[in-house]
Structure formats: structure tokens, C-alpha cells
Amino acid sequence: ASGNASTLMLHMDADTAGGETALQFKADSTNDDRRIKAGIHFVRDDPGTRGTGALQFRVEGNNDDTNAGNNSADVKMAITADGRGLSQFTAKLWINMSGTGTVAINDSHNVGSITDHGTGDYTVTFSNDMGNTSYAAVGMAGNSNSSQQVISANYGPAAGSLRFQTAYNNGNLEDTPRIMLAIFGDNG
């Protein structure tokens, strides 16, 4: 550390995928390794010597002797090596795009590509698939005049993409200059 900073390092001496190091939390009167109810774990995702992986925040909420551990239900949030935040309360995908002329992504997260199927009809393909097709997609679309627009997913969702449409309130499809979409659901 430099200056007035100090550093605490947790070291894991393992070059295998799945190896981990953890900062664990417990608050009770036992002096053993039971009842560890929370932890911050770094879990390796590669077998190499450079050690990439995910930072996981784990919580075990039962009032018993079980510990917060490798149970996937205990992982409440993970920050992956590629910068994604994975949890039930973070968007798995979001996009701000232009749907007029040559469609274009203005900014996004977890978007692989977009496809223009015709007037007001688009598909967003995900970089990382969802865990299933029971996700929630929310969106809005608009233009510079006073017309109202709605966004709808008239096609069945897929784990790796969502096809949707933008339309006037009367149902007529319209290309839209500003489209914003976010998706929440299980990790892929």
C-alpha cells in the first residue's frame, strides 16, 4: 500500500477452477465453524495461474447450524470477471437504441446484437443467455412529436433473445428513434 492506505489480502494458493477464498461472517456464541451466515467469496473460474473469477456475496438465512456456503441459493449477488452484476435485483440486460433508419445501439449491457425485421419490429440478442424464458422485460419507446407509443413482446421470449415491437396506441407499428428496454430474471 502507498500513502495512508492499508491493504488486507486474502490469498488462495490454488490453480484450479472452483478454488475460492472467503471473508466469512458470524455473530453467535459458538467457537467453531458452525453458523457462518454470510460471506464474500472469490471463486476461480479458470484453471490458469492468473486467477480470474467472480466475487460472490452469500447469505444463509435459516436460524440453524448451517453455513452460508456453496449452495447456489446462498449466492445473493455475484460480480463476474467480465463486469456483470448477477442477482435477482439487477438487470441482466438493458439497451438504449435507435429504431429508425439503420438501427443502432446507443448504449447497452449484455447485448450481442439487434435486428430490424421491418417497421417497428426488432430483436435484441443477448451476449449471455438468460437461465430460462420466464424473465420480465420492461421498456418504453418515444419520438419527438406528441404521439404515444407502446412497446410489446408479441413473440414468445427465448433464453438468448427477445423480439418486440413499437407501436402507436392504436396498434399501428412505428419505427421509433428512442427505445429503452431492461430485462430481469434468472442467470444463464
side-chain hydrogen bond (donor to acceptor under 3.5 Å, both in side chains) between Asn106 and Ser98, worked out: CA-CA 7 Å; Asn106 299 322; Ser98 172; 5.7 Å; no
I need the minimum non-hydrogen distance between [X] and [Y], along with the two atoms involved.
X      : Y      : value
Ala38  : Ala68  : N-CB, 3.9 Å
His109 : Lys92  : CD2-O, 3.7 Å
Val59  : Lys76  : O-CE, 3.4 Å
Ser127 : Gly112 : OG-N, 3.2 Å
Asp129 : Gly160 : OD1-CA, 3.2 Å

Scan Ile179, Thr176, Val138 and name whichever one has a side chain to side chain contact (heavy atoms under 4.5 Å, CB included) with Ile151.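 The option that passes is Ile179.
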In a check of side chain to side chain contact (heavy atoms under 4.5 Å, CB included) between Val111 and each of Leu181, Asn96, Thr125, Leu93, which one passes?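 When side chain to side chain contact (heavy atoms under 4.5 Å, CB included) is applied between Val111 and each of Leu181, Asn96, Thr125, Leu93, only Leu93 qualifies.
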Checking Asp175 side chain against Gly120 main chain: does a donor-acceptor pair fall under 3.5 Å?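 Present.
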Side-chain (Asp116) to main-chain (Tyr122) donor-acceptor, under 3.5 angstrom: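 No, because the side chain of Asp116 does not come within donor-acceptor range (under 3.5 Å) of the backbone of Tyr122.
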Is [X] linked to [Y] within one hydrophobic cluster, defined over Ile, Leu, Val, Met, Phe, Trp and Tyr using a side-chain heavy-atom separation of less than 4.5 Å?
X      : Y      : result
Tyr168 : Met140 : no
Leu162 : Trp94  : no
Phe57  : Leu23  : yes
Leu55  : Phe25  : yes

Hey, what do you get for [atom1] ([X]) to [atom2] ([Y]), rounding to the nearest 0.5 Å?
X      : Y      : atom1 : atom2 : answer
Met97  : Arg178 : CE    : CZ    : 13.5 Å
Gln149 : Thr166 : CD    : OG1   : 5.5 Å
Met130 : Asn110 : CE    : CG    : 8.5 Å
Thr119 : Leu173 : OG1   : CG    : 7.5 Å
Phe164 : Asp121 : CZ    : CG    : 9.0 Å
His41  : Gln56  : NE2   : CD    : 7.5 Å

Qualifying residue, where the test is side-chain hydrogen bond (donor to acceptor under 3.5 Å, both in side chains) with Thr52 and the options are Asp45, Asp82, Thr80: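 For Thr52, the side-chain hydrogen bond (donor to acceptor under 3.5 Å, both in side chains) check succeeds only for Asp45.
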Would you indicate whether Asn169, at its atom CG, is surrounded by more than 12 heavy atoms from other residues, nucleotides or ligands within a distance under 6.0 Å?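 More than 12 heavy atoms, drawn from other residues, nucleotides or ligands, come within 6.0 Å of this atom.
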Run the numbers on Glu60 and Asn67 for side-chain contact (heavy atoms from CB on, under 4.5 Å), then give the verdict. CA-CA 6 Å; Glu60 202 287 324; Asn67 292 334; over 6 Å; no
Please determine whether a side-chain nitrogen of the Lys or Arg among Lys37 and Asp64 lies less than 4.0 Å from a carboxylate oxygen of the Asp or Glu.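 The answer is yes: the pair qualifies as a salt bridge.
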Give the ring-plane orientation class for Tyr135 versus Phe126, where under 30° counts as parallel, over 60° as perpendicular and anything between as tilted.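 Ring orientation of Tyr135 relative to Phe126: perpendicular.
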